**Student:** 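Dropping the structure in here first, questions after.
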Amino acid sequence: MLHVETGQENVVRAMIRKFYNPSSMYAIVPKRRLLEKRQGHIYEVCRTIFPGYVFVNTEMNAKTYNDLRRLPKCYRLLNNFNHRYHQIESKEIRVNPEDRIESYSFSKIDDEEMRPILQLIDKDEIIGYSSLYLRNTRAVVCDGPLTGEEERIKKIDARKKRARIILRLNGAEKYIDVGIKIVSVSENAQMNITPKNQSEAN
(Lines give C-alpha, C1' and ligand atoms only; values in the text may rest on other atoms or scores of the structure.)
Protein backbone atom coordinates (compact mmCIF):
# COMPACT_ATOMS: atom_id res chain seq x y z
CA MET A 1 0.00 0.00 0.00
CA LEU A 2 1.39 3.39 -1.04
CA HIS A 3 1.00 6.54 1.03
CA VAL A 4 0.57 9.35 -1.50
CA GLU A 5 -0.41 13.00 -1.59
CA THR A 6 -4.10 13.28 -0.77
CA GLY A 7 -6.08 14.09 -3.88
CA GLN A 8 -3.41 12.60 -6.15
CA GLU A 9 -4.37 8.94 -5.73
CA ASN A 10 -5.65 8.60 -9.29
CA VAL A 11 -2.52 10.29 -10.68
CA VAL A 12 -0.26 7.77 -8.95
CA ARG A 13 -2.46 4.88 -10.04
CA ALA A 14 -2.32 6.10 -13.65
CA MET A 15 1.48 6.25 -13.55
CA ILE A 16 1.70 2.71 -12.22
CA ARG A 17 -0.64 1.46 -14.93
CA LYS A 18 1.37 3.31 -17.56
CA PHE A 19 4.77 1.93 -16.60
CA TYR A 20 3.86 -1.56 -15.37
CA ASN A 21 2.12 -4.47 -17.01
CA PRO A 22 -1.09 -5.30 -15.08
CA SER A 23 0.05 -8.92 -14.88
CA SER A 24 3.09 -7.88 -12.81
CA MET A 25 1.64 -4.94 -10.88
CA TYR A 26 -1.91 -3.72 -10.46
CA ALA A 27 -3.01 -0.62 -8.57
CA ILE A 28 -6.49 0.38 -7.38
CA VAL A 29 -8.04 3.34 -5.57
CA PRO A 30 -11.34 2.18 -3.97
CA LYS A 31 -14.14 4.76 -4.02
CA ARG A 32 -17.82 5.05 -3.02
CA ARG A 33 -20.81 6.84 -4.50
CA LEU A 34 -22.54 9.34 -2.23
CA LEU A 35 -25.20 12.01 -2.43
CA GLU A 36 -24.13 15.43 -1.14
CA LYS A 37 -26.18 18.58 -0.67
CA ARG A 38 -24.61 21.89 -1.66
CA GLN A 39 -26.45 25.22 -1.81
CA GLY A 40 -29.79 23.47 -1.72
CA HIS A 41 -29.02 21.06 -4.57
CA ILE A 42 -28.32 17.32 -4.37
CA TYR A 43 -25.27 16.06 -6.26
CA GLU A 44 -23.91 12.58 -6.80
CA VAL A 45 -20.21 12.41 -6.01
CA CYS A 46 -17.55 9.73 -6.01
CA ARG A 47 -15.24 9.90 -2.98
CA THR A 48 -12.06 7.99 -2.25
CA ILE A 49 -12.57 5.52 0.58
CA PHE A 50 -9.03 5.76 1.93
CA PRO A 51 -7.71 9.25 1.06
CA GLY A 52 -3.95 9.32 0.60
CA TYR A 53 -3.55 5.61 -0.20
CA VAL A 54 -3.15 3.48 -3.32
CA PHE A 55 -3.44 -0.31 -3.10
CA VAL A 56 -0.83 -2.22 -5.09
CA ASN A 57 -0.83 -5.93 -5.90
CA THR A 58 2.64 -7.12 -6.95
CA GLU A 59 5.52 -9.44 -6.13
CA MET A 60 7.58 -6.98 -4.12
CA ASN A 61 11.38 -6.89 -4.24
CA ALA A 62 14.03 -4.27 -3.56
CA LYS A 63 14.02 -2.85 -7.10
CA THR A 64 10.22 -2.56 -7.22
CA TYR A 65 10.24 -1.00 -3.76
CA ASN A 66 12.72 1.68 -4.80
CA ASP A 67 10.94 2.32 -8.11
CA LEU A 68 7.61 2.87 -6.35
CA ARG A 69 8.91 5.15 -3.62
CA ARG A 70 10.46 7.40 -6.29
CA LEU A 71 7.10 7.99 -7.97
CA PRO A 72 5.97 11.65 -7.93
CA LYS A 73 3.34 12.35 -5.27
CA CYS A 74 4.33 9.17 -3.41
CA TYR A 75 5.50 9.69 0.16
CA ARG A 76 6.33 6.14 1.19
CA LEU A 77 5.31 2.51 1.12
CA LEU A 78 3.75 1.06 4.22
CA ASN A 79 6.06 -1.77 5.24
CA ASN A 80 8.09 -3.26 8.03
CA PHE A 81 11.42 -2.17 6.55
CA ASN A 82 14.38 -1.96 8.88
CA HIS A 83 17.94 -1.17 7.86
CA ARG A 84 19.99 -4.31 8.35
CA TYR A 85 23.69 -4.93 8.07
CA HIS A 86 26.01 -7.74 7.08
CA GLN A 87 28.99 -8.57 9.26
CA ILE A 88 32.15 -8.71 7.17
CA GLU A 89 35.44 -9.12 9.00
CA SER A 90 33.87 -7.66 12.15
CA LYS A 91 32.85 -4.48 10.30
CA GLU A 92 29.30 -3.34 9.69
CA ILE A 93 28.79 -2.58 6.00
CA ARG A 94 25.45 -1.41 4.68
CA VAL A 95 24.41 -3.33 1.60
CA ASN A 96 23.61 -1.44 -1.60
CA PRO A 97 19.82 -0.86 -1.66
CA GLU A 98 19.53 -2.40 -5.12
CA ASP A 99 21.07 -5.64 -3.82
CA ARG A 100 19.45 -5.64 -0.39
CA ILE A 101 16.40 -7.75 -1.21
CA GLU A 102 16.64 -9.90 1.92
CA SER A 103 17.10 -6.81 4.09
CA TYR A 104 13.52 -5.75 3.47
CA SER A 105 10.52 -7.02 5.37
CA PHE A 106 7.54 -5.97 3.29
CA SER A 107 4.07 -5.61 4.75
CA LYS A 108 1.13 -7.28 3.10
CA ILE A 109 -2.47 -6.39 3.76
CA ASP A 110 -4.12 -9.40 5.29
CA ASP A 111 -6.36 -11.30 2.86
CA GLU A 112 -9.18 -11.23 5.42
CA GLU A 113 -9.01 -7.43 5.38
CA MET A 114 -8.59 -6.98 1.64
CA ARG A 115 -11.21 -9.49 0.52
CA PRO A 116 -14.26 -7.50 1.75
CA ILE A 117 -12.98 -4.35 0.03
CA LEU A 118 -12.56 -6.18 -3.28
CA GLN A 119 -16.00 -7.78 -2.91
CA LEU A 120 -17.71 -4.43 -2.31
CA ILE A 121 -16.20 -2.50 -5.23
CA ASP A 122 -17.27 -2.99 -8.83
CA LYS A 123 -15.12 -3.18 -11.98
CA ASP A 124 -14.62 0.59 -11.75
CA GLU A 125 -13.36 0.24 -8.16
CA ILE A 126 -16.48 1.92 -6.78
CA ILE A 127 -18.90 0.87 -4.04
CA GLY A 128 -22.26 1.63 -5.61
CA TYR A 129 -25.64 2.08 -3.97
CA SER A 130 -27.28 -0.70 -2.00
CA SER A 131 -31.06 -0.93 -1.68
CA LEU A 132 -32.35 -1.75 1.79
CA TYR A 133 -35.30 -1.46 4.09
CA LEU A 134 -35.39 -0.93 7.84
CA ARG A 135 -37.29 -3.39 10.01
CA ASN A 136 -37.40 -2.17 13.60
CA THR A 137 -33.69 -1.73 14.45
CA ARG A 138 -32.45 -3.98 11.69
CA ALA A 139 -31.24 -3.18 8.18
CA VAL A 140 -32.10 -5.72 5.51
CA VAL A 141 -30.26 -5.30 2.19
CA CYS A 142 -32.21 -6.48 -0.84
CA ASP A 143 -29.84 -5.41 -3.62
CA GLY A 144 -26.37 -3.99 -4.21
CA PRO A 145 -22.84 -4.52 -2.87
CA LEU A 146 -23.94 -4.79 0.78
CA THR A 147 -26.16 -7.81 0.04
CA GLY A 148 -25.32 -10.42 2.66
CA GLU A 149 -23.07 -7.93 4.47
CA GLU A 150 -25.63 -6.52 6.91
CA GLU A 151 -23.33 -7.22 9.86
CA ARG A 152 -21.00 -4.49 8.56
CA ILE A 153 -23.70 -1.83 8.83
CA LYS A 154 -23.43 0.14 12.07
CA LYS A 155 -25.63 3.14 11.36
CA ILE A 156 -28.25 4.28 8.86
CA ASP A 157 -28.98 7.89 7.96
CA ALA A 158 -32.11 7.70 5.80
CA ARG A 159 -32.23 11.47 5.31
CA LYS A 160 -28.74 11.59 3.79
CA LYS A 161 -29.21 8.16 2.20
CA ARG A 162 -26.04 6.78 3.76
CA ALA A 163 -24.98 3.70 5.68
CA ARG A 164 -21.95 3.67 7.92
CA ILE A 165 -20.10 0.39 7.53
CA ILE A 166 -17.07 -1.06 9.24
CA LEU A 167 -13.97 -2.36 7.47
CA ARG A 168 -10.59 -3.36 8.83
CA LEU A 169 -7.27 -2.18 7.46
CA ASN A 170 -3.86 -2.92 8.93
CA GLY A 171 -5.51 -4.22 12.07
CA ALA A 172 -7.56 -1.07 12.69
CA GLU A 173 -11.31 -0.60 12.33
CA LYS A 174 -12.38 1.96 9.74
CA TYR A 175 -15.88 3.44 9.60
CA ILE A 176 -16.91 4.33 6.06
CA ASP A 177 -20.06 6.06 4.78
CA VAL A 178 -21.53 4.53 1.61
CA GLY A 179 -24.56 5.45 -0.46
CA ILE A 180 -27.87 3.60 -0.05
CA LYS A 181 -31.40 3.62 -1.41
CA ILE A 182 -34.16 3.22 1.16
CA VAL A 183 -36.97 0.97 -0.01
CA SER A 184 -39.11 1.50 3.10
CA VAL A 185 -38.69 2.66 6.68
CA SER A 186 -40.64 1.15 9.53
CA GLU A 187 -39.25 3.16 12.42
CA ASN A 188 -36.64 5.89 13.00
CA ALA A 189 -35.11 7.55 9.95
CA GLN A 190 -31.74 7.58 11.68
CA MET A 191 -30.70 4.83 14.07
CA ASN A 192 -27.98 2.56 15.25
CA ILE A 193 -28.30 -0.79 13.57
CA THR A 194 -28.41 -4.23 15.12
CA PRO A 195 -26.91 -6.67 12.60
CA LYS A 196 -29.40 -9.18 11.25
CA ASN A 197 -27.64 -12.27 12.60
CA GLN A 198 -27.21 -10.69 16.04
CA SER A 199 -30.87 -9.68 16.18
CA GLU A 200 -31.98 -13.19 15.31
CA ALA A 201 -29.62 -14.66 17.90
CA ASN A 202 -31.30 -12.57 20.58
Side-chain angles (χ1 to χ4, degrees), residues 1-17 26-56 72-75 109 113-170 172-200:
M1 187 163 64
L2 304 181
H3 184 199
V4 305
E5 182 180 333
T6 299
Q8 299 299 311
E9 300 88 354
N10 290 333
V11 173
V12 174
R13 180 189 62 178
M15 285 190 289
I16 292 174
R17 292 187 175 183
Y26 193 73
I28 65 171
V29 179
K31 303 179 181 68
R32 66 267 171 82
R33 294 193 191 280
L34 295 169
L35 294 178
E36 292 185 357
K37 187 175 183 180
R38 297 195 298 269
Q39 297 180 341
H41 297 282
I42 303 296
Y43 299 90
E44 182 180 88
V45 298
C46 195
R47 300 295 185 195
T48 302
I49 297 177
F50 303 104
Y53 294 97
V54 176
F55 294 82
V56 178
K73 313 297 183 181
C74 181
Y75 295 144
I109 299 175
E113 295 182 343
M114 197 65 206
R115 187 178 298 112
I117 298 172
L118 295 177
Q119 290 175 342
L120 289 172
I121 62 176
D122 59 20
K123 61 182 180 59
D124 297 316
E125 305 167 15
I126 298 172
I127 300 179
Y129 298 111
S130 293
S131 298
L132 57 83
Y133 60 91
L134 305 179
R135 178 185 297 162
N136 298 323
T137 59
R138 193 175 75 190
V140 181
V141 180
C142 48
D143 187 46
L146 288 176
T147 302
E149 298 290 334
E150 285 90 348
E151 72 279 359
R152 296 192 181 279
I153 302 174
K154 300 304 175 184
K155 186 176 182 180
I156 294 292
D157 188 330
R159 182 177 63 84
K160 293 184 177 180
K161 296 182 174 59
R162 295 185 181 188
R164 181 159 297 171
I165 66 172
I166 187 169
L167 295 170
R168 291 187 64 85
L169 187 64
N170 289 333
E173 293 183 342
K174 305 289 185 181
Y175 290 89
I176 310 295
D177 284 355
V178 297
I180 59 173
K181 296 178 180 180
I182 304 293
V183 177
S184 64
V185 181
S186 60
E187 281 195 355
N188 297 330
Q190 181 170 317
M191 64 187 72
N192 290 322
I193 295 299
T194 301
K196 182 178 179 181
N197 54 359
Q198 181 179 333
S199 177
E200 292 176 348

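Along the sequence shown, residues carry numbers from 1. Every value quoted in this text rests on a predicted model; they were computed, and no experiment measured them.
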**Student:** Can you check whether Leu35's main-chain N or O pairs, donor with acceptor, with Lys37's side chain at less than 3.5 Å?
**Tutor:** no

**Student:** Identify the two heavy atoms, one from Val12 and one from Pro72, that lie closest to each other, and give their separation to 0.1 Å.
**Tutor:** CG2-O, 3.8 Å

**Student:** With rounding to the nearest 0.5 angstrom, report the CG to CD1 distance, Asp177 to Ile49.
**Tutor:** 11.0 Å

**Student:** Indicate yes or no for a side-chain donor-acceptor contact from Gln8 to the backbone of Thr6 under 3.5 Å, with no hydrogens or angles considered.
**Tutor:**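 Judged by distance alone, no pair lies under 3.5 Å.
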
**Student:** Any side-chain to backbone donor/acceptor pair from Arg17 onto Ala27? Under 3.5 Å, distance only.
**Tutor:** yes

**Student:** Given side-chain contact (heavy atoms from CB on, under 4.5 Å), test Val29 with Lys31 step by step and report yes or no.
**Tutor:** CA-CA 6 Å; Val29 179; Lys31 303 179 181 68; 3.9 Å; yes

**Student:** Hey, what do you get for CD1 (Ile117) to CD1 (Ile176), rounding to the nearest 0.5 Å?
**Tutor:**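 CD1 of Ile176 is found 8.5 Å from CD1 of Ile117.
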
**Student:** Shortest non-hydrogen contact from Arg152 to Pro116?
**Tutor:**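 Arg152 and Pro116 have their closest heavy atoms at NH2-CG, 3.1 Å.
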
**Student:** Before giving the answer on side-chain contact (heavy atoms from CB on, under 4.5 Å), spell out for Arg162 and Leu34 the whole-Å C-alpha distance, their side-chain angles and the decisive distance to 0.1 Å.
**Tutor:** CA-CA 7 Å; Arg162 295 185 181 188; Leu34 295 169; 4.0 Å; yes

**Student:** Could you state the interatomic distance from NZ (Lys161) to CD1 (Ile42), rounded to the nearest 0.5 Å?
**Tutor:** 7.5 Å

**Student:** Nearest 0.5 angstrom please: Glu36 CD to Glu44 CD, how far?
**Tutor:**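 Answer for the CD-CD pair, Glu36 versus Glu44, is 10.5 Å.
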
**Student:** Ion pair present between Arg13 and Glu125, side-chain N to carboxylate O less than 4.0 angstrom?
**Tutor:** yes

**Student:** So, taking the atom named CD1 in Ile127 and the one named CG in Leu146, what distance separates them when rounded to the nearest 0.5 Å?
**Tutor:** 7.5 Å

**Student:** Please name the residue in the list Phe50, Phe55, Tyr53 that meets the ring-ring contact (aromatic ring centres under 6.0 Å, His included) test with His3.
**Tutor:** Tyr53

**Student:** Mind checking the CD-CD1 spacing from Glu151 to Ile165? Nearest 0.5 Å is all I need.
**Tutor:**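 Answer rounded to 0.5 Å: 10.5 Å.
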
**Student:** Using ring pair (Phe, Tyr, Trp, His ring centres under 6.0 Å) as the criterion, list what pairs up with Tyr129, not counting sequence neighbours.
**Tutor:**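 For Tyr129 there are no ring pair (Phe, Tyr, Trp, His ring centres under 6.0 Å) partners, ignoring immediate neighbours.
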
